[in-house]
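Contents: one structure, followed by commentary.
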Amino acid sequence: MLKKEQLYEGKAKKVYRTDNPDLYWIEYKDDATAFNGLKKGTIANKGELNNLISAYFFRLLAENGIESHFVEEKSEREMVVKSLQIIPVEVVVRNIAAGSLAKRLGLEEGTVMSRTVVENYYKSDELGDPLINSDHIRALNLATPEQMADIRAIALKVNEILRAHLAERELDLIDFKLEFGLHNGQLLLGDEISPDTCRFWDKNTKEKLDKDRFRRDLGNVEEAYKEVYRRLTGR
Ligand code: UDP
């Protein structure tokens with residue numbers, strides 16, 4: 001397979017065409033942004049770590065019956081994926097209050113939710129990804145109710161698989177964001193699953209091992225991403 005011209009450059013990844021119209025070639029970057037692009041920086045080796053961690057999670061999910069766009073790794077920081085028409089709804093699953101949920105609902109960070117919360121955000125940089133509900137999704141024609149029902153069920157299943165797997169590695173899964181898309185009409189999980197898009201806390205010390213270290217200037221950002229990789233793979 002051949003890597004062809006760049007189609008798109010996002011905040012954390014570049015997307016290239018390949019000689020197969022069904023497949024894209026993704027390159028993960030070290031660039032980091034937060035607060036809708038207001039804070040910019042780089043995290044050494046983030047591209048590699050997020051590529052390897054995402055590949056690891058997509059494989060784990062495939063073994064558990066969840067299909068994603070992931071096809072194969074191409075290098076330390078590159079993977080090949082199935083081409084997706086992205087559904088512009090970001091799906092956030094939350095087990096423990098943190099970040100915007102803690103703020104919005106006046107909860108202390110670390111409060112265990114009595115049940116899992118699923119939220120939808122409109123994927124729009126100009127608008128800063130506003131929180132939306134199922135009526136907004138229908139009114140804006142972002143996805144069909146059937147697609148949203150499938151997406152919710154998959155997101156909750158992903159939560160159970162990841163939560164159990166991470167618990168065995170002494171990590172709490174606080175919350176995470178998923179994106180979905182259509183590949184020749186088939187709904188697939190897309191984007192990435194990494195410390196950029198999840199919150200992971202050490203089960204015992206509650207130390208943050210995710211992008212909050214960058215967002216909140218906590219230091220040791222690269223070390224935190226490496227620690228997640230090490231807990232998953234032993235490497
Ligand atoms: N998240 C993400 N991309 C976004 C917004 C959030 O990957 O554009 C992830 C974030 O890393 C966290 C979860 O979604 O794991 C919930 O984020 P939250 O709404 O608390 O927003 P934040 O505090 O990150 O701005």
Side-chain angles (χ1 to χ4, degrees), residues 11-12 32-41 43 50 57 87-140 142-143 145 148-149 151-167 169-180 189 191-221 224-225 227-228 231:
K11 284 174 275 188
T33 61
F35 312 119
N36 198 32
L38 245 52
K39 182 181 171 87
K40 287 195 177 77
I43 299 169
N50 280 358
F57 281 135
I87 295 172
V89 176
E90 298 192 352
V91 181
V92 170
V93 180
R94 305 179 177 271
N95 300 304
I96 294 179
S100 71
L101 177 83
K103 220 177 219 171
R104 185 177 309 113
L105 300 188
L107 296 171
E108 195 182 331
E109 277 211 321
T111 306
V112 179
M113 304 305 288
S114 66
R115 50 174 290 159
T116 305
V117 171
V118 180
E119 297 172 338
N120 297 310
Y121 292 84
Y122 182 22
K123 189 173 157 66
S124 162
D125 284 338
E126 304 88 84
L127 300 175
D129 298 348
L131 181 68
I132 52 174
N133 68 24
S134 50
D135 279 339
H136 298 123
I137 292 171
R138 289 183 78 162
L140 295 181
L142 305 181
M148 288 314 298
I151 284 172
R152 180 185 169 87
I154 297 167
L156 288 171
K157 200 170 165 202
V158 168
N159 186 43
E160 292 317 314
I161 296 163
L162 296 188
R163 192 150 62 144
H165 193 81
L166 290 160
R169 288 150 182 83
E170 305 281 289
L171 288 171
D172 285 337
L173 179 60
I174 308 306
D175 57 31
F176 59 92
K177 185 261 302 176
L178 299 177
E179 295 184 25
F180 292 84
L189 178 58
D191 196 44
E192 65 180 281
I193 305 178
S194 73
D196 270 12
T197 63
C198 305
R199 285 192 171 95
F200 304 119
W201 293 358
D202 180 90
K203 203 176 200 69
N204 304 302
T205 65
K206 305 297 173 193
E207 187 188 3
K208 294 176 176 28
L209 296 171
D210 54 58
K211 194 172 161 185
D212 273 346
R213 301 206 72 83
F214 169 78
R215 294 188 189 102
R216 303 177 189 189
D217 295 319
L218 300 176
N220 297 329
V221 188
Y225 283 56
E227 178 62 15
V228 170
R231 297 243 189 138

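This chain uses plain numbering: 1 for the first residue, then up along the sequence. No experiment lies behind these values; they were computed from the predicted model shown.
Between I87 and I151 there is a side-chain heavy-atom pair separated by less than 4.5 Å. For the pair L166 and K203, the minimum side-chain heavy-atom distance is 4.5 Å or more. Side-chain contact between N120 and H136: absent, with no pair of heavy atoms (C-beta onward) separated by less than 4.5 Å. Under the 4.5 Å side-chain criterion, counting only non-hydrogen atoms from C-beta, R213 is in contact with E207. Using a 4.5 Å heavy-atom cutoff, the side chains of L173 and H165 are not in contact.
For the pair A98 and W201, the tightest heavy-atom approach, listed with the atom from each and the gap, is CB-CZ2, 4.4 Å. Closest approach of P88 and Y122 over heavy atoms only: O-CD1, 3.5 Å. Nearest heavy-atom pair across K211 and T33 is NZ-O, 2.6 Å. In terms of heavy atoms, A224 sits closest to K208 at CB-O, 4.3 Å. Closest of all the heavy-atom pairs between G128 and N36 is CA-ND2, 3.4 Å. Considering every non-hydrogen atom in both F180 and I154, the closest pair reads CE2-CG2, 3.8 Å.
Atom CZ of residue F200 and atom CZ of residue R169 lie 12.0 Å apart, to the nearest 0.5 angstrom. In this structure, OG1 in T116 is found 11.5 Å from CG in D175, a value given to the nearest 0.5 Å. One distance of note links CZ of R94 with CE of M113; it measures 8.5 Å at 0.5 Å rounding. If you take CG on L178 and SG on C198, they are separated by 7.5 Å, rounding to the nearest 0.5 Å. For the atom pair F214 CZ and K40 NZ, the distance stands at 10.0 Å (nearest 0.5 Å). The CD atom of E90 lies 7.5 Å from the CG atom of D191; values are rounded to the nearest 0.5 Å.
Summarising the local packing, CZ of R138 is surrounded by 12 or fewer heavy atoms from other residues, nucleotides or ligands at distances under 6.0 Å. Crowding of K103 atom NZ: a count of heavy atoms from other residues, nucleotides or ligands under 6.0 Å not exceeding 12.
When the options N220, L209, D196 are evaluated for a side chain to side chain contact (heavy atoms under 4.5 Å, CB included) with Y225, the one that passes is D196. Screening I193, T197, V158 against F176 for a side chain to side chain contact (heavy atoms under 4.5 Å, CB included) leaves a single residue, V158.
The backbone N or O of V112 lies less than 3.5 Å from no partner atom in the side chain of N95, so there is not a single donor-acceptor pair.
Salt bridge annotation for R199-D210: absent, with no cationic side-chain nitrogen under 4.0 angstrom from a carboxylate oxygen. Ion pairing between K157 and E160 fails under the 4.0 Å rule for side-chain N and carboxylate O. A salt bridge links D212 with R215: the distance from a Lys NZ or Arg NE/NH1/NH2 to an Asp or Glu carboxylate oxygen falls below 4.0 Å.
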Practice task
Just do the side-chain contact (heavy atoms from CB on, under 4.5 Å) check on M148 and L142 with the steps written out, would you?
Solution key: CA-CA 10 Å; M148 288 314 298; L142 305 181; over 6 Å; no
Practice task
Might you work through the side-chain contact (heavy atoms from CB on, under 4.5 Å) test for V92 and L101, ending with a clear yes or no?
Solution key: CA-CA 10 Å; V92 170; L101 177 83; over 6 Å; no
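Residues passing the salt bridge (Lys or Arg N to Asp or Glu O under 4.0 Å) test with R231 are D202, E227, sequence neighbours excluded.
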